[in-house]
Every structure is written in structure tokens, then in C-alpha cells.
2 protein chains.
Amino acid sequence: MLSKKTKYGIKALTYLARQEQNVPVSIATISEMENISLKFLESILLTLRKSGLLGSKKGKGGGYYLLKDPNDIKMTTVMRVLEGPIAMVPCVSLNYYEKCEDCPNEAECAVHLLMIRVRDSNLKIYRETSLADLAKY
Amino acid sequence: MLSKKTKYGIKALTYLARQEQNVPVSIATISEMENISLKFLESILLTLRKSGLLGSKKGKGGGYYLLKDPNDIKMTTVMRVLEGPIAMVPCVSLNYYEKCEDCPNEAECAVHLLMIRVRDSNLKIYRETSLADLAKY
DNA sequence: TTTAATCCTATGGATTTAGTAGGGTATTAT
DNA sequence: ATAATACCCTACTAAATCCATAGGATTAAA
């Protein structure tokens, strides 16, 4: 299951990508428009800012804004920041590989084999999908 | 992340599929060969039996065995039984559809759009992969 | 009748999730 | 300057899920 954190994070990013101009949007605005708990959203946007996807401006008229063109924000990045590794098991993770304790031979492991296929296909989708693609609709 | 339940379940099914003859194999045997906690495996095999994938034989010389040819056991079935719905959000689930409370319009929802793509590609993989495919290696 | 196996229920610790609460700090418009 | 606005940070919690264990009941073969 996708966590609400990720779900809300994607919604917020899309909302920002849909703005005509890239001016700061307040948390409160996004919270209202996308029906997301304000405080929870606050923590999510903080994560996104720390990851380098968003910039922020304090004070009156402040808020969050995208740091890059939506076409250049791939969903691989977004998913990794919000949801964590894309692989469903550590033994097929590209960035966070870990050997399974119980598994003597990865080459013969059915789970390993299956999950490599799943990882590759998901990776393909996330790589081919940008924030701009999702914001279009 | 894939749950251990699913991971162990797939391993157990593969172990059974790799047997020369389809005779009952005890929980203890599978547990040892695949390094899975016996009691946990027990509950998993019970689930698989209740779902109709496995048959069981009680008493001495008893154990679990596949009810169908491994070629006819698709991973869609296995994943749904062990891990639950394949969709990452209920609003794109074929079998367990649920509308999102917060989302006024699915057609414009970025999460919805993205997760449909993910669902479709995963579904394709699970449909095209049988237990026999995984047991080959 | 003994032994070996599944069947079933319950329980508990650990971890994660999805928030909530409350205050602190920085910036900007006026 | 100062009030208003918005970001920043920490801590807490209720609920759910995950992983596993325990113990007994039931069944069937030798």
C-alpha cells in the first residue's frame, strides 16, 4: 500500500506544478485545496524541501515552490524521497541492497527473480513519468 | 515492502513446485530447507490451503501439496492471497475498489493516474509469471 | 495405542502510520 | 518597529500491522 505521506506529497507537488507562475504557495492553501491535514502536510513539505525538490519562502506571502521545471522532476526521485526504496525487497534494491539472511542462493530464489521483474517495470514507469506528465490532466 | 508472509509463502510454494512428485511435504521439512520459522510458516500454509492453492494431509506422512499444476498457478493469485490487493491505492483496485475521501475528481488526480500505470504493469508481470516459471531456476 | 502431523486460537512485542499539539523562529508588508 | 504571517521543530499518541510464539485439539498411519 502507498502511504498517505506519499499520496499527499504527490498531490502537493502536482498542485504546485499546476500553478501558472512559480510563486510561493502557503501550506494552508494546499491543505484546503487538496483536503490534507495541515500539520501533516507541513511535515511532508518539510521533507520535500530538505530533499531538494522544493524551496520555501518565509513571512507574509511566503510558502513553498518547485525548485525545478516539472518536466525535470521524475517520479523515481519523488517516490524515493517519500516512500523509500522502489524495490519491494532489499535484495533487489539498486540503492539500498541487502542480502537476505535466510536465502543461501539468490540466483535460485523465486522471490528474488520475481521482484527483479517488478522492480524493473516500476522503475521504468517512474523514470518515464515526470511531474509535468501528471499535472497535465 | 513485501511482507515476510508473502516472501515465505512464495518460497514454500516454489519448494513444493520443485518436488519431483506431488507428495505431501511436512511443514517441518519446508521450514528447515527454506529457513523459515516453523510456527509462522504453519500459519502461512494454512492461509494458502484455505485459499485453495494447497491441499493437506493430516497425520503421519502428511503435509502440504499443490492442488494444481505449477504452470496453472499464476502469481496474481498468489500475491492476492498472501499480500492482498495488487493495487497500491484502493481507488485503482480492480477487485477492491474504494473511492478516496479526499479526492473530488479521480480523472484529475495525479496519484490515481500514476498508480493505474503501476498497477497495470505489475498485473502484467504477475499474470505472465507462473509458479512453474519461478521454480525452474 | 503411539507417533507424527495438521489445525486452530490466542497472545504479545515491536514497528510503522497518521496524525495532533504546541511552541519557537524567521521574514515581510505596512 | 511591529504586527502578521508563515515556516521550523520536537514530542506525543492512538491505532494498525507485522512477525512470531505457545499450547492444545484433531486426525491418520504404523
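Chain identifiers are assigned alphabetically (A, B, ...) following the order of the sequence lines, protein sequences preceding nucleic acid strands; residue numbering begins at 1 within each chain. Small disclaimer: the values here were computed from a predicted structure and weren't measured.
For D:dT5, neither phosphate oxygen OP1 nor OP2 lies less than 4.0 angstrom from any side-chain nitrogen or oxygen of A:Ser26. One finds no side-chain N or O of A:Tyr65 lying less than 4.0 angstrom from the OP1 or OP2 phosphate oxygen of D:dA6. For B:Ser37, a side-chain nitrogen or oxygen approaches OP1 or OP2 of D:dT21 to under 4.0 Å. Not one side-chain nitrogen or oxygen of A:Tyr8 sits closer than 4.0 Å to the OP1 or OP2 atom of C:dA18.
Distance check: A:Glu128 CD to A:Thr76 OG1 gives 11.0 Å after rounding to the nearest 0.5 Å. With rounding to the nearest 0.5 angstrom, the OH atom of B:Tyr8 is 10.0 Å from the OG atom of B:Ser3.
Mapping A:Gly61 and A:Leu2 onto DNA chain C by nearest heavy atom places A:Leu2 at the nucleotide closer to the 5' end. Heavy-atom distances to DNA chain C give each of A:Gly59 and A:Ser3 a nearest nucleotide, and the one nearer the 5′ end belongs to A:Ser3.
Donor-acceptor pairing under 3.5 Å, judged by distance alone, is present between the side chain of A:Glu42 and the base of D:dC8.
Nearest nucleotide to the side chain of B:Arg49, out of D:dC9, C:dA18, C:dC8: C:dC8. Taking every side-chain heavy atom of A:Leu46 into account, D:dC9 is the closest of C:dA5, C:dC7, D:dC9. Among the nucleotides D:dC8, D:dT21, C:dC7, the one closest to the side chain of A:Tyr64 is D:dC8. Nearest to the side-chain atoms of A:Lys60 among the listed nucleotides C:dA29, C:dT20, D:dC8 stands C:dA29. Listed nucleotides: D:dC7, D:dA20, C:dC7. Nearest to the side chain of A:Lys58: D:dC7. Residue B:Lys39 has its side chain nearest to C:dC8 when only C:dT6, D:dC9, C:dC8 are considered.
Note: CG (A:Leu38) to P (D:dC8) measures 13 Å, nearest angstrom. In this structure, CD of A:Glu83 is placed 12 Å from C1' of C:dT16, rounded to the nearest angstrom.
Residue A:Ile27 is classed as a sugar-phosphate contact, given heavy-atom separations below 4.0 Å to backbone atoms only. Note on A:Lys50: only backbone sugar-phosphate atoms sit closer than 4.0 angstrom, heavy atoms only; bases stay farther off. In this structure, A:Lys4 reaches the sugar-phosphate backbone alone: every heavy-atom distance under 4.0 Å involves primed, P, OP1 or OP2 atoms, never a base.
For the side-chain contact (heavy atoms from CB on, under 4.5 Å) with B:Ile10, the lone residue among B:Glu83, B:Lys5, B:Met75 that qualifies is B:Met75. Checked options B:Leu45, B:Ile73, B:Leu67; the residue passing with B:Leu53 is B:Ile73 (criterion: side-chain contact (heavy atoms from CB on, under 4.5 Å)).
Cluster annotation: B:Tyr137 is connected to A:Met115 through the hydrophobic network of ILVMFWY side chains, with a link wherever side-chain heavy atoms come within less than 4.5 Å.
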